[in-house]
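I have placed the structure first, in the form of structure tokens, so that the comments after it can refer back to it.
Positions are given from 1, in the same order as the sequence printed here.
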Amino acid sequence: MIVILKQEADKEKKAVLKGKLKALGFDIHESKGRETELWGLVGDTSIIDDDYLRANEVVEDVKRVQEPYKMANRKMHPEDTVIDIRGRKIGGGHFQVIAGPCSIESKEQIIEVAEDVKKSGAGLLRGGAFKPRTSPYSFQGLQNNGLKLLLEAKAATGLPVVTEIMTPEHLELFEDIDVVQVGARNMQNFQLLKALGKCDKTVLLKRGLANTLEELVMSAEYIMAGGNENVILCERGIRTFETSMRNTLDISAIPMLRKMTHLPIVIDPSHAAGIRWMVEPLALAAIAAGADGLMIEVHNDPESALCDGPQSMTPEGFDELMKKIRKTVEFFGKTMD
């Protein structure tokens with residue numbers, strides 16, 4: 001249930017109403033826009049009558065939310081959320097490119113790629129330290145040492161860093177990581193989501209291979225319900241019957257998520273197709289469809305990469321793509337901070 005308050009409503013009277021609602025057992029999520037103040041009531045709203053609330057002199061209107069997600073719902077937060085990651089803003093007209101290797105392989109590799117993507121205009125650096133792989137025999141990442149190397153690249157370039165977490169027990173290792181990524185396989189790892197809800201890290205939440213958009217937003221709700229509202233959604237392709245590419249990028253997810261939620265939306269064209277030459281058209285299409293950012297894999301030697309070489313761009317190819325990305329972003333009225 002959403003309670004819309006009148007403009008310039010008396011503060012003391014609002015406090016009285018808030019006390020009554022809390023006494024009834026409701027948690028209250030407050031959202032203040034430029035012209036509107038909203039309260040989202042979380043709890044069993046069947047016990048309260050709409051007209052009882054409308055009769056209060058500080059209340060403008062009351063709306064019931066049918067969707068199971070409340071805090072992530074655009075009805076609760078009409079304006080786009082803008083997340084600030086050490087000065088890099090995303091959402092609400094701010095566009096960011098996250099770039100780097102699928103997997104961190106050495107100090108020389110991650111720092112070289114970090115310097116290259118920064119020079120080309122990327123705002124954040126990605127790099128996998130813990131790698132969930134389909135095969136137990138595939139490279140699993142450098143893990144703790146990989147995190148240390150990623151932080152060295154952060155220190156060398158000043159770029160905020162993004163890397164994937166596998167389990168709640170690893171959270172203490174991520175103290176200096178700027179954005180914690182939840183991979184597609186962990187989208188419904190609810191214990192992990194609850195743990196991330198209790199921290200103050202920005203979370204990049206990837207959609208699962210076979211999950212609906214509502215399930216993706218509900219996973220974001222788990223994090224937000226714990227108190228952490230810094231969530232970015234990521235579409236990285238879904239499993240379909242098509243076999244000519246790794247996954248099918250769901251471009252239609254962008255406008256639909258835009259209608260459903262106020263959270264920023266990032267597209268990962270590298271994992272979507274798994275093919276290097278497809279990254280550019282998918283990236284540009286995502287911008288046109290309304291995405292707030294892109295996450296692109298870049299490797300200094302893709303042919304020798306220990307993970308996902310076929311989809312990784314070279315630094316030179318990424319630099320050329322960034323020129324097109326910047327023009328396209330500006331054409332659609334967004335800014336790259």
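- Met76 places none of its side-chain heavy atoms less than 4.5 Å from the side chain of Lys70.
- Scored by the side-chain hydrogen bond (donor to acceptor under 3.5 Å, both in side chains) test, Arg276 finds no partners at all (sequence neighbours excluded).
- Taking a cutoff of 4.0 Å between a charged side-chain nitrogen and a carboxylate oxygen, Glu37 and Lys14 qualify as a salt bridge.
- A search for side-chain hydrogen bond (donor to acceptor under 3.5 Å, both in side chains) contacts involving Lys18 returns Glu30, not counting sequence neighbours.
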Taking only distance into account, with no hydrogens and no angle test, what donor-acceptor pairs under 3.5 Å do side-chain atoms of residues 281-290 form with protein atoms, sequence neighbours excluded?
none

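- The pair Glu297-Arg126 meets the salt-bridge criterion, with a side-chain N (NZ, NE, NH1 or NH2) lying under 4.0 Å from an Asp/Glu carboxylate O.
- Judged by distance alone, with hydrogens and angles left aside, the side-chain atoms of Thr167 form no donor-acceptor pair with the main-chain N or O of His170 at under 3.5 Å.
- Within the 3.5 Å criterion, the main-chain N or O of Glu8 finds no donor-acceptor partner in the side chain of Lys11.
- Ion pairing between Lys323 and Glu320 holds under the 4.0 Å rule for side-chain N and carboxylate O.
- By the 4.0 Å N-to-carboxylate-O rule, Asp50 lies too far from Lys63 to be salt-bridged with it.
- Between Leu196 and Phe174 there is no side-chain heavy-atom pair separated by less than 4.5 Å.
- Among pairs with a residue in residues 243-253, those fulfilling salt bridge (charged side-chain N to carboxylate O under 4.0 Å, His left out) read Arg207-Asp250, Arg246-Asp308, at least two apart in sequence or across chains.
- For Asn144, there are no side-chain hydrogen bond (donor to acceptor under 3.5 Å, both in side chains) partners two or more places apart in sequence or in a different chain.
- For Asn228 (side chain) and Lys201 (main-chain N/O), a donor-acceptor pair under 3.5 Å exists by modelled atom type.
- Atom NZ of Lys148 sits in a sparse spot, with 12 or fewer heavy atoms from other residues, nucleotides or ligands closer than 6.0 Å.
- Residue pairs meeting the ring-ring contact (aromatic ring centres under 6.0 Å, His included) criterion with at least one member in residues 68-122, sequence neighbours excluded: His77-His262.
- Side-chain contact between Thr36 and Pro78 is absent, with no heavy atoms from C-beta onward closer than 4.5 Å.
- Classification of Lys119 and Asp116 as a salt-bridged pair fails, no side-chain N sitting under 4.0 Å from a carboxylate O.
- Within 6.0 Å of the CZ atom in Arg64, the count of heavy atoms belonging to other residues, nucleotides or ligands exceeds 12.
- The backbone N or O of Lys13 sits less than 3.5 Å from a side-chain atom of Asp10, completing a donor-acceptor pair.
- No hydrogens or angles considered: nothing links the side chains of Asn230 and Thr202 as a donor-acceptor pair under 3.5 Å.
- Side-chain contact, Glu242 with Ser244: a donor N or O sits under 3.5 Å from an acceptor N or O.
- For CZ of Phe332, the number of neighbouring non-hydrogen atoms (other residues, nucleotides, ligands) closer than 6.0 Å is greater than 12.
- Looking at heavy atoms from C-beta onward, Val97 lies in side-chain contact with Phe318 at the 4.5 angstrom threshold.
- For the residue pair Leu204 and Cys234, the shortest heavy atom distance occurs at CD1-CB, 4.0 Å.
- Look at Asp178 and Lys154 and you find a salt bridge, because one of the NZ, NE, NH1 or NH2 atoms lies within 4.0 Å of a carboxylate O, short of that distance.
- At most 12 heavy atoms of other shown residues, nucleotides or ligands fall within 6.0 angstrom of atom NZ in Lys89.
- In the displayed structure, Lys107 atom NZ is contacted under 6.0 Å by at most 12 heavy atoms of other residues, nucleotides or ligands.
- Judged by distance alone, with hydrogens and angles left aside, the side-chain atoms of Asp292 form no donor-acceptor pair with the main-chain N or O of Ile90 at under 3.5 Å.
- Side-chain N or O atoms of Lys334 include none that pairs as donor or acceptor with a backbone N or O of Gly91 at under 3.5 Å.
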